[in-house]
Number of protein chains: 2
Amino acid sequence: MAVTIKDVARVSGVHVSTVSRAFSATHLVNAETRARVLAAAEELGYRPNRAARALSTSRTGNLGLIVADIANPFFPPLIKAAQAQARARDYHVFIADTDEQARVEEELIRSMAKQVDGAVLVAPRLTNRVITELAQEIPLVVVNRRLRGVSGVLMDVGTGARRAMEHLIELGHREIAVVGGPSRAWTSGEIERATEHIARDHGILIQRVGPNPPTEEGGHTVADEVVASGATAVLAHNDLLAFGLVQRATELGLDVPGDLSVIGVDNSHVARYSSPALTTVAMPVAEAGHGAVDLLLRSVDAAGSTGTVTLETSLIVRGSTAPPASGEGLR
Amino acid sequence: MAVTIKDVARVSGVHVSTVSRAFSATHLVNAETRARVLAAAEELGYRPNRAARALSTSRTGNLGLIVADIANPFFPPLIKAAQAQARARDYHVFIADTDEQARVEEELIRSMAKQVDGAVLVAPRLTNRVITELAQEIPLVVVNRRLRGVSGVLMDVGTGARRAMEHLIELGHREIAVVGGPSRAWTSGEIERATEHIARDHGILIQRVGPNPPTEEGGHTVADEVVASGATAVLAHNDLLAFGLVQRATELGLDVPGDLSVIGVDNSHVARYSSPALTTVAMPVAEAGHGAVDLLLRSVDAAGSTGTVTLETSLIVRGSTAPPASGEGLR
DNA sequence: TTGAAGACGGCAAGCGTTTGCCCCATGGGC
DNA sequence: GCCCATGGGGCAAACGCTTGCCGTCTTCAA
């Protein structure tokens, strides 16, 4: 049916092993012979069968990419970048969506393990223990999780959160709500720690709200609590949450940023599209996707090598932050 | 290294073929034996090697999903739904991004062909001829393209466009700009045809602008032309284009919807997040992803069977449309 | 008691590649 | 003129699984 190495061998008058070498070990075959083989392959439209190759080399040429929610605007640019980089290295990528469930995440990795040379886990919800365990079985790189012995690319959201807080403090806010995301997310911890420090250093009051699902609905449900807290500003775990919050706050008759300043995280397009455009901590998402694939491929080639790269974030000030309404927010 | 069928056979004291059958042809093996095999497999942590299976069955258990631009908010919900449905049927999905380039699209399909049982092409930019050709080599289902002999799921954007136009006409608009998308997109033709009819039936004037890339930037660059055309309302090829248009129009000092009504297509989250929230034609994206996979799997199982399903669209009226400024727009 | 029909499961070939091993020719050094 | 090193390329096993074929054991009817 499909054209195989055997057909190419027949047509070019050499043994299959020569055909194979013509493709994968070019220096082992005479240039002239190789040309003949390549010509025959071209003519027949031969494409190597990756499954067969995988079977004998135990290298699949595939990568897995596991994300919590494809529809969350944080992920697509990362997926896109990862896929592009993989393609540049002649790898194909499997995508899987865990629906934010740790159980699914683990199952997905396990079911994928045999068919990929490695996987990148983006913002996993799994426990460190399980991830470390899995990394034993298959090369893994984790985005936004710091783990000993496992490669990772980290976006320095702590510094971003610090900048965000400083921005609010400069504007005059003294009572700030910090709306948490999923409890298992590494970024949640980072933000918590950074805001903690800042609060201590500047002697301001922090209201912690959460954990919450990182969605617009999450923002809706958390809004009342935030408003009731008396905070004049809020730093939300991501743009979606921030956006939901703004929506609900507006419904409640508050003006953003007049009555309530809101900062998101991600700089997803939501932040730009919404109104007011959200002040947000920009995450280097594309770089992360690109870097994760690089890192992964490196540890696929040199088994056991791990590395960590940290990417910078930055604060993007837009229209959702302003000084607090006069008098308010100062005790 | 990895545990294979052979290990399971040894441990459970049967032949490998029995192990194989215990998994894939359960009725051919005694229940008791099967239980023993399964227990051994469980104990050893056995996972079938899909590559090996693929080699002997020429079924990979993989699907390809090819989209123009993962970062375009139209796609992620579709990808998510497709992936979920594939997973439910125990398939894995390869994702690939063509960057809107037909050439890349073709190459991607070809390079994927050997490793998947079929592929879904979402809003392809390829010519009909090439697609039909490719469908010869590998089961294909095409989303938003009508093609004889190739399975497809179509979103009835024509009707949606008609509704949109009627909505504008009812509001009193008499001169409407229709901003086209990529020339190769099937939806472009559908919208053109529908708007054509409507215009004729109602005796209104249509200004066609485009084709344009379906992006925010596309909206920016096209805005001047639209404004200059004297139209009081515009139907854009998608939300992104509509959003870019609104942005630029606002910069030019126009009020949307006061001075210019704008309608998008897709009902991507951009439409909800932007301000004013966009009136838009809702595309049943998730259903399409789900349906495409179903259709594809059907034609994988029953080679040669093709089908077409058409999904309904609907108009969602939000804040970007209003009656034209008094007097204007009437000749 | 015998024979036939199932049920069960072993055997081995085959899927398309890769790769270690080995053979053959060629050419250069002595 | 002989030997050996070397390059080129054939041979066949192996990767892990499926599946057609066939032998063995039960079971049941005649």
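Chain naming here is simple, since letters A, B, ... match the order of the sequence lines and numbering starts at 1 in each.
A donor atom on one side chain and an acceptor atom on the other are found under 3.5 Å apart for B:Arg145 and B:Asn128. Remark: the A:His92 side chain and the A:Thr60 side chain contain no N/O donor-acceptor pair separated by less than 3.5 Å.
The distance between atom CG of A:Asn30 and atom P of D:dT6, rounded to the nearest whole Å, is 18 Å. The interatomic distance linking B:Leu28 (CG) with C:dA7 (P) rounds to 10 Å, in whole Å. For B:His27 and C:dG9, the NE2 to C1' distance is 13 Å, given to the nearest whole Å. In this entry the distance linking CZ of A:Arg59 with C1' of D:dC15 reads 15 Å, nearest Å. We find that CD of A:Glu32 is positioned 14 Å from C1' of D:dG7, with the value rounded to whole Å.
In this structure, A:Tyr91 has its ring center at least 6.0 angstrom away from the ring center of B:Phe94.
Under the salt bridge (Lys or Arg N to Asp or Glu O under 4.0 Å) criterion, B:Glu43 pairs with no residue, sequence neighbours left out.
Inter-residue side-chain proximity for B:Pro139 and B:Leu296 is flagged as met; some heavy-atom pair is nearer than 4.5 Å.
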B:Arg10 vs B:Asp7, test: salt bridge (charged side-chain N to carboxylate O under 4.0 Å, His left out). Steps then yes/no. CA-CA 5 Å; B:Arg10 186 163 27 72; B:Asp7 303 310; 2.7 Å; yes

Between protein and nucleic acid, restricted to nucleotides 17-26 of chain D and to nitrogen or oxygen atoms under 3.5 Å apart, what atom pairs and distances do you find?
{"unit_1": "D:dC17", "atom_1": "OP1", "unit_2": "B:Tyr46", "atom_2": "OH", "d": "2.6"}
{"unit_1": "D:dC17", "atom_1": "OP1", "unit_2": "B:Asn49", "atom_2": "N", "d": "3.1"}
{"unit_1": "D:dC17", "atom_1": "OP2", "unit_2": "B:Ile5", "atom_2": "N", "d": "2.4"}
{"unit_1": "D:dT18", "atom_1": "OP1", "unit_2": "B:Arg53", "atom_2": "NE", "d": "2.6"}
{"unit_1": "D:dT18", "atom_1": "OP1", "unit_2": "B:Arg53", "atom_2": "NH2", "d": "3.2"}
{"unit_1": "D:dT18", "atom_1": "OP2", "unit_2": "B:Ser20", "atom_2": "OG", "d": "2.6"}
{"unit_1": "D:dT18", "atom_1": "O4'", "unit_2": "B:Ser56", "atom_2": "OG", "d": "2.6"}
{"unit_1": "D:dG20", "atom_1": "O6", "unit_2": "B:Arg21", "atom_2": "NH1", "d": "3.3"}

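Mapping B:Thr33 and B:Leu55 onto DNA chain C by nearest heavy atom places B:Thr33 at the nucleotide closer to the 5' end.
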